[in-house]
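Residue numbers run from 1 in the order of the sequence given. The structure displayed is predicted, hence computed values, not measured ones.
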Amino acid sequence: MNLPVLAGTLSTVLFAAGMLPMLAKAARTRDLASYSLGNLVLSNVANVVHSVYVFHLPAGPIWVLHLAYVLASALMLAWWLRYREPGSRRGATVPAGQQEDSAAGIPASEIGVKP
């Protein structure tokens with residue numbers, strides 16, 4: 001194996017491993033509120049367009065890396081759409097002087113209250 005292919009293989013493994021904690025947390029918690037729908041859609045569209053380029057290259061580590069990105073971004077978009085709260089007002093602002101409830105479902109009026 002020559003040096004460029006070895007470097008490509010190693011970087012592919014590292015990049016793919018770097019995505020695993022994000023995917024595992026999203027699958028475990030189903031909390032994707034911090035992800036933007038626009039970003040997820042744009043990433044998926046970019047991956048489709050980039051596929052035209054990547055799959056015209058000789059087969060190699062870049063194919064595996066690109067497939068990892070395609071799968072990760074598609075999963076994140078699918079999970080975002082599936083696990084979003086129905087009727088949620090994305091981007092809605094909280095009126096001045098009020099707090100949002102916590103992600104754990106604790107009412108804002110009880111956050112920080114000691115028993």
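Note on V70 and L65: separate hydrophobic clusters, where clusters join Ile, Leu, Val, Met, Phe, Trp and Tyr whose side-chain heavy atoms are under 4.5 Å apart, directly or indirectly. Following chains of ILVMFWY side-chain contacts shorter than 4.5 Å, one cannot reach L20 starting from W79, and the two form parts of different hydrophobic clusters. At a threshold of 4.5 Å between side-chain heavy atoms, the hydrophobic network of Ile, Leu, Val, Met, Phe, Trp and Tyr places L75 and V41 in one connected group. There is no path of hydrophobic side-chain contacts, each under 4.5 Å, that joins L81 to L71. Linking Ile, Leu, Val, Met, Phe, Trp and Tyr whenever their side-chain heavy atoms come within less than 4.5 Å puts Y83 and L40 in one cluster.
The side-chain hydrogen bond (donor to acceptor under 3.5 Å, both in side chains) pairs that include a residue from residues 7-19 number zero, where partners must be two or more places apart or lie in different chains. Sorted pairs that involve residues 15-25 and meet side-chain hydrogen bond (donor to acceptor under 3.5 Å, both in side chains), not counting sequence neighbours, are lacking altogether.
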Side-chain donor/acceptor pairs under 3.5 Å, residues 52-63, sequence neighbours excluded:
unit_1: H56; atom_1: ND1; unit_2: V52; atom_2: O; d: 2.6
unit_1: W63; atom_1: NE1; unit_2: V54; atom_2: O; d: 3.0
unit_1: W63; atom_1: NE1; unit_2: L57; atom_2: O; d: 3.2

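Annotation for N44 and S73: closest pair ND2-O, 3.1 Å, computed over non-hydrogen atoms.
In this structure, the side chain to side chain donor-acceptor pair (under 3.5 Å) partners of S51, at least two apart in sequence or on a different chain, are H66. Contacts of L14 classified as side chain to side chain contact (heavy atoms under 4.5 Å, CB included), with partners at least two apart in sequence or in another chain: L10.
Counting heavy atoms from C-beta on, the side chains of L77 and L37 come closer than 4.5 Å.
For the pair W80 (side chain) and Y35 (backbone), a donor-acceptor distance under 3.5 Å is present.
In this structure, CZ in R82 is found 12.0 Å from CG in L32, a value given to the nearest 0.5 Å.
In the hydrophobic clustering (ILVMFWY side chains linked at under 4.5 Å, chained through shared members), V48 stands by itself.
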